[in-house]
Student: 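Structure below; questions to follow.
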Amino acid sequence: MYPGLTIIGTHKFSGLYGCNETIIDQKAIGLQHLFIDDYSVDLVYTACSVLTNEGISYFGDRIKPKAGHALRQKSSSSSVQNHCIYEDVFTYEKFVKTDRVTAVDQDYLYFETEIENRSDIAQAIKLSALCITENQANYRVKKVNDMIVFAVKGKTFAVKAQKSAQSAMSLDAPTGFMYKGIEDILFEKHQEAEEIQSDTAIATSLSDKCIINPHETTTFKWILVIGDDEADCLRKGQKFDFDDVLKRSAVQWRAWLGKSYRESAADALVALKAANLNGLLPADLTGHYFANHRVCFYVRDALMASRAFLYAGHYEEFREVIRFLMACPVKENGEFYQRYNADQLPDEGANNNVFSQVDSIGYFARVIADYYHLTGELLIDFDRLRRTVDVLDHIHTKNGLYGPEGGVNEGVYGPAYITSTNMFIAGGLLGAATIASTCGEHTYQEKWTALATGIIKSCEATFLEEEYYAYGYVDYHEDLVLKYDTPQLFGGSLGYPITARYRKSFRFLAQFGTYFGYGFGYSEQEYHNGPWIFNTAAAAQVAYLIHDKETYEAIMSWLKAHRNAYGLLPEAVDATDETNCFINPLIWANAEYICCHYMDVISKCRGELDECS
């Protein structure tokens, strides 16, 4: 339903890719961002193929004449093939331009642009591989034979075209409104410089010219090569085989998907894999949820998203996320900070710093317990689990609920003791109690079971005569906030007992908390008013757990219908216009959609894990 935008990469590199405008005021197109090994350095502003004919350059959805502003033309079709090949077809008067990209092997991002001459006249065209860097101090760009090598802050990559006769390298604008790269191509400003060093953006291109006869087709192929240094990039570039790349990529990604392959989840799972760089599973790559202009590791989102890897059987990726978190410092009381940067240091500079989110204790304990249940391995030692769970000893309570904090609701009503947070904590405590029992730590088994029992009692006490759970309490009033709260739907999936009241609350939310049929909103407030994907996915998970197959399948159909052209889901949908979405795509939303496809695994964990409860 929405324009294609995806996270693309391998375990070695990651970036954001799309050929159609999807972000308001976004200026780049094609590959937007490139990170190698970690998220410490953003290397690329934009990388894409450019077709030039008769004084007009076509790139992504842009049509730029020599005189006048760029026009926009949406692709006539966009799709993802074999879960890993992203294709956009643009139909013009004289040409059909088909852009394809895929991450192949460990070290290559492959681009191809197929041009069909639709006219009855032979056309002279130029095809270019354009790459413009981000502003980074002491960026070095060097032309070596038929390749261009980029190096900054210990990161190195290169661009190579299968055929190229021209090159250009020049300084581009430092402002984020790049122009020089396209100008060089469009006005034939090919440079003699062999090397440029700059603290601001550098525009480069490799170009080839040809004549396409009427109704014939040509394909321009090029790669980004990821290397350890210049020599490594040159070696990898020279050995790359440009034949059958799409087929090789499809085989590679199908092998990674493995035995747990489920077709409807695979597009999102490949993107989630691409986003994970050595355990930093980011909150977002579109830029909306960066902290201090940098990609961030949001503990809440990362732990919830780690569930996708866990239940889909990709245990190494799950372990990487947990290992990254375990290497991050904690607050004096042992609590996780809300966000960390690529250096694993606290970095709270995003749009919703809510001072505390203790619901992460519940997510953490639950995924550690479920991993143990599924593998028989305790991923962290019991003492580390104990220290994380016993952060609760230092957290205040009000009417039996922990807080005040922002939780999954991000403090929409101010510091609060939130029912949903406490449902998550109770579910996590039940999982932790099972681990304690297994480890012979019966004192902690009893302690955590008793705490969970008390929290459950307090959560149930918020159930209203209208048959839904109230939001919870705030620190500036004594009475309940009489608002519904859809994040409570995650409770069942995280191990909160599915009581008769919980079922009734689910029915209430399905009736009063939805938009456009089965799209569940985000609490009873108006931030991104409309359906939110993660809450809708949570509702599907509840429907599965209560054996309501009809509702589960209806919600799943709704989710599938609201994916973007590359098979990924946005954060939310506009309540006033179903064709408009917010934050497309969002990591956590896609992770929870993946979990919906592995409910048989989650259901098994919920049925067998918490016997001590």
Student: Begin from the C-alpha positions of S523 and V412 and carry the test side-chain contact (heavy atoms from CB on, under 4.5 Å) through to its verdict.
Tutor: CA-CA 9 Å; S523 306; V412 294; 5.6 Å; no

Student: For the backbone of Q106 and the side chain of T10, can you confirm whether one donor and one acceptor N or O come within less than 3.5 Å of each other?
Tutor: yes

Student: Are the aromatic ring centres of W588 and Y363 under 6.0 angstrom apart?
Tutor: no

Student: If you count every heavy atom of other residues, nucleotides or ligands that lies below 6.0 Å from E478 atom CD, does the total exceed 12?
Tutor: no

Student: With sequence neighbours excluded, tell me which residues meet side-chain contact (heavy atoms from CB on, under 4.5 Å) with E524.
Tutor: K483, Y484

Student: Checking the side chain of Q136 only, and the main-chain atoms of D42 only, is there a donor and an acceptor separated by less than 3.5 Å?
Tutor: yes

Student: Any sub-3.5 Å donor-acceptor pair from S505's side-chain atoms to R501's backbone N or O?
Tutor: no

Student: Can you name the one residue among Y371, Y372, F309 that meets ring pair (Phe, Tyr, Trp, His ring centres under 6.0 Å) with F318?
Tutor: Y371

Student: So that I know where these two stand, are Y598 and Y311 an aromatic pair - ring centroids less than 6.0 Å apart?
Tutor: no

Student: More than 12 foreign heavy atoms under 6.0 Å from CD of E377: is that the case here?
Tutor: yes

Student: Using modelled atom types only, decide if a donor and an acceptor are shared between the side chain of N535 and the backbone of G521 within a distance under 3.5 Å.
Tutor: yes

Student: Looking at Y261, I'd like to know if the NZ or CZ of R254 sits under 6.0 Å from its six-membered ring centre while staying within 45 degrees of the ring's axis.
Tutor: yes

Student: Can you confirm whether more than 12 heavy atoms, excluding those of K457, are under 6.0 Å from its NZ atom?
Tutor: no

Student: Indicate the atoms forming the closest heavy-atom contact of L269 with A312, along with that distance.
Tutor: CD2-CB, 3.9 Å

Student: How about NE2 on H394, more than 12 heavy atoms from neighbouring residues, nucleotides or ligands closer than 6.0 Å, or not?
Tutor: yes

Student: Please evaluate residues I435 and F382 with respect to the criterion side-chain contact (heavy atoms from CB on, under 4.5 Å), reporting the C-alpha separation (whole Å), side-chain torsions for both, the decisive distance (0.1 Å), and the verdict.
Tutor: CA-CA 8 Å; I435 296 292; F382 181 80; 4.2 Å; yes

Student: Could R300 and Y298 be counted as a cation-pi pair, given that NZ or CZ must be under 6.0 Å from the ring centre and within 45° of the axis?
Tutor: yes

Student: Taking the six-membered ring where the residue is Trp, are the ring centres of F336 and F364 under 6.0 Å apart?
Tutor: yes

Student: Write down the atom of D359, the atom of E405, and the distance for their closest heavy-atom approach.
Tutor: N-OE1, 3.7 Å

Student: Report the residue from D370, L494, V601 that forms a side chain to side chain contact (heavy atoms under 4.5 Å, CB included) with R307.
Tutor: L494

Student: With salt bridge (charged side-chain N to carboxylate O under 4.0 Å, His left out) as the test, pick out the partner of D38 among K155, R294, K12.
Tutor: K155

Student: Is the side chain of T421 donor-acceptor paired with the backbone N or O of Y417 at a distance under 3.5 Å, no angle test?
Tutor: no

Student: Taking the six-membered ring for Trp and the full ring for Phe, Tyr or His, determine whether the centres of Y522 and W532 are under 6.0 Å apart.
Tutor: yes

Student: Distance from I368 atom CD1 to L385 atom CG, nearest 0.5 Å?
Tutor: 7.0 Å

Student: List the steps, then state whether side-chain contact (heavy atoms from CB on, under 4.5 Å) holds for H288 with L586.
Tutor: CA-CA 10 Å; H288 285 86; L586 191 68; over 6 Å; no

Student: Does the Y502 side chain pair with the main chain of L489, one donor and one acceptor, at a distance under 3.5 Å?
Tutor: yes

Student: Tell me every residue that passes side-chain contact (heavy atoms from CB on, under 4.5 Å) with L277, counting only those two or more places apart in sequence or in another chain.
Tutor: S14, F35, Y39

Student: Distance from I8 atom CD1 to H33 atom NE2, nearest 0.5 Å?
Tutor: 14.0 Å

Student: Donor-acceptor check, side chain of Q344 to backbone of F324, threshold 3.5 angstrom: yes or no?
Tutor: yes

Student: Test D347 against C296 for side-chain contact (heavy atoms from CB on, under 4.5 Å), laying out the working first.
Tutor: CA-CA 8 Å; D347 197 340; C296 72; 5.9 Å; no

Student: Okay, side chain of T462, backbone of C459: is any donor-acceptor separation there less than 3.5 Å?
Tutor: yes

Student: Under 3.5 Å, is there a donor on one side chain and an acceptor on the other for E320 and H11?
Tutor: yes

